Amino acid sequence: MGIIKIKLPSYMRSFANNTEVVEVNGNTIGECLNHLVKKFPGMKKQLFSKTGSLFENIIISVNGESAYPEQLAKPVKDGDELNIVFIVGGG
Amino acid sequence: MLTPSELERYDRQIMIKGFGKKGQEKLKQAKVIIAGSGGLGSPSSIYLAAAGVGMIRIIDHGSVELSNLNRQVLYWDEDIGRRKVTSATEKLRRLNPEVEIEAIEETITEANVSQLVAGFDLIVDAMDNLPTRYLLNKVALERDIPFFHGAVYGFEGRAMTIIPGKTACLECVYHGIAIPEEKFPVIGVAPAVIGCIQAAEVIKYIVGIGELLTDRLLIYDGLNLMFSEFRVRKDPDCAQCGHLGGKK
């Protein structure tokens, strides 16, 4: 199981001890996010709905590339960097 | 043909390598829609008018409110209560009387969007909600009109340029996801940054210089002053543009 870096958006960092990049372990994006939540339980409400699915307004990239359509099921490997991006609609 | 006055007004940008009088002529001939005349529409319309885009059509249905003034820099205290498109048109005409500014006071809907953009070359997305952005994305694809996306929240911003049939569209990035429409926090400098990026993309596209912000969503984090990119591929199964071919 590799070491994956997750880069958090600014507004989520307060839920992770003001950390910008968190190192986690996992073979998929879903496993990595679960490890992130294990390290920082406050992240759970930022990422997942009550039913446990990733919030719709969150999109994830692996090494800068969109993880769609696999999203949580997408495999990751040692050294990969995940970026959590939230969709905004203001103007 | 550029007039002596235009040659002087645009002298500094005509000096840019690859721009020249030809580039300025192209800007003069261009017809651009600015959909929304708020936080994003203010800077994008100001800089496109200043740059000499020949015709700008501004579409907005709102009136100026005091709470708009922290970011919607086209409007001043004296404009409170006035129609946004009226006030915007006046300001832009005073900024540059050599460009044509047209105001349309309407809400963009599925029923009127096609008519509103007909005959125009480019669309700037300066909306404040995702559903209308998807509507504009759809009509831009149908009518083969380049579409310049921008959005903001707090100190954050997003931007992407969409060339129908060639690059990923808004639907390829967001997959039609709707987020609740509610009053959103925003500091004026966020739409200022994103609106200027949209205007820069429009100018580059018209003049034909530089590289466009295509197949990548630009992510602006103003709090940490960082720009990053979210690379996107044109989705062959995209509900909106999948049938248009292009890169796969």
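Keep in mind that this is a model prediction, so the values were computed, not measured. Numbered from 1 within each chain, the chains take letters A, B, ... in sequence-line order. These numbers come from the heavy atoms of this one structure, side chains and all, not from hydrogens, waters or symmetry mates.
If you measure heavy-atom distances from A/Ile58 to chain B, you find no contacts under 4.5 Å at all. Interface remark: A/Phe86 contributes backbone and side-chain atoms alike to the contact with chain B (heavy atom separation under 4.5 Å). For chain A, the nearby part of B/Glu229 is the backbone; its heavy atoms alone come within less than 4.5 Å. If you measure heavy-atom distances from B/Val152 to chain A, the contacts under 4.5 Å come from both the backbone and the side chain. For B/Phe230, the parts lying near chain A are the backbone and the side chain together; criterion is any non-hydrogen pair under 4.5 Å. Neither the backbone nor the side chain of B/Ala190 has a heavy atom closer than 4.5 Å to any heavy atom of chain A. Interface remark: B/Arg216 contributes no atoms to any contact with chain A (heavy atom separation under 4.5 Å).
Within the structure, side chain to side chain donor-acceptor pair (under 3.5 Å) pairs that include any residue of residues 57-86 of chain A comprise A/Asn63-A/Asp80, A/Glu65-B/Arg231, A/Glu65-B/Arg233, A/Lys77-A/Asp80 (at least two apart or interchain).
Within 6.0 Å of CD1 on A/Ile3 lie no more than 12 heavy atoms contributed by other residues, nucleotides or ligands.
Proximity of a side-chain donor or acceptor of B/Gln198 to a complementary backbone N or O of B/Val124 within less than 3.5 Å is not detected.
Looking only at atom types and distance, the side chain of B/Gln240 has no donor-acceptor partner in the side chain of B/Asn137 under 3.5 Å away.
Not less than 6.0 angstrom separates the ring centroid of A/Phe40 from the ring centroid of A/Phe15.
Counting heavy atoms from C-beta outward, B/Asp215 and B/Val232 have side chains that stay 4.5 Å or more apart.
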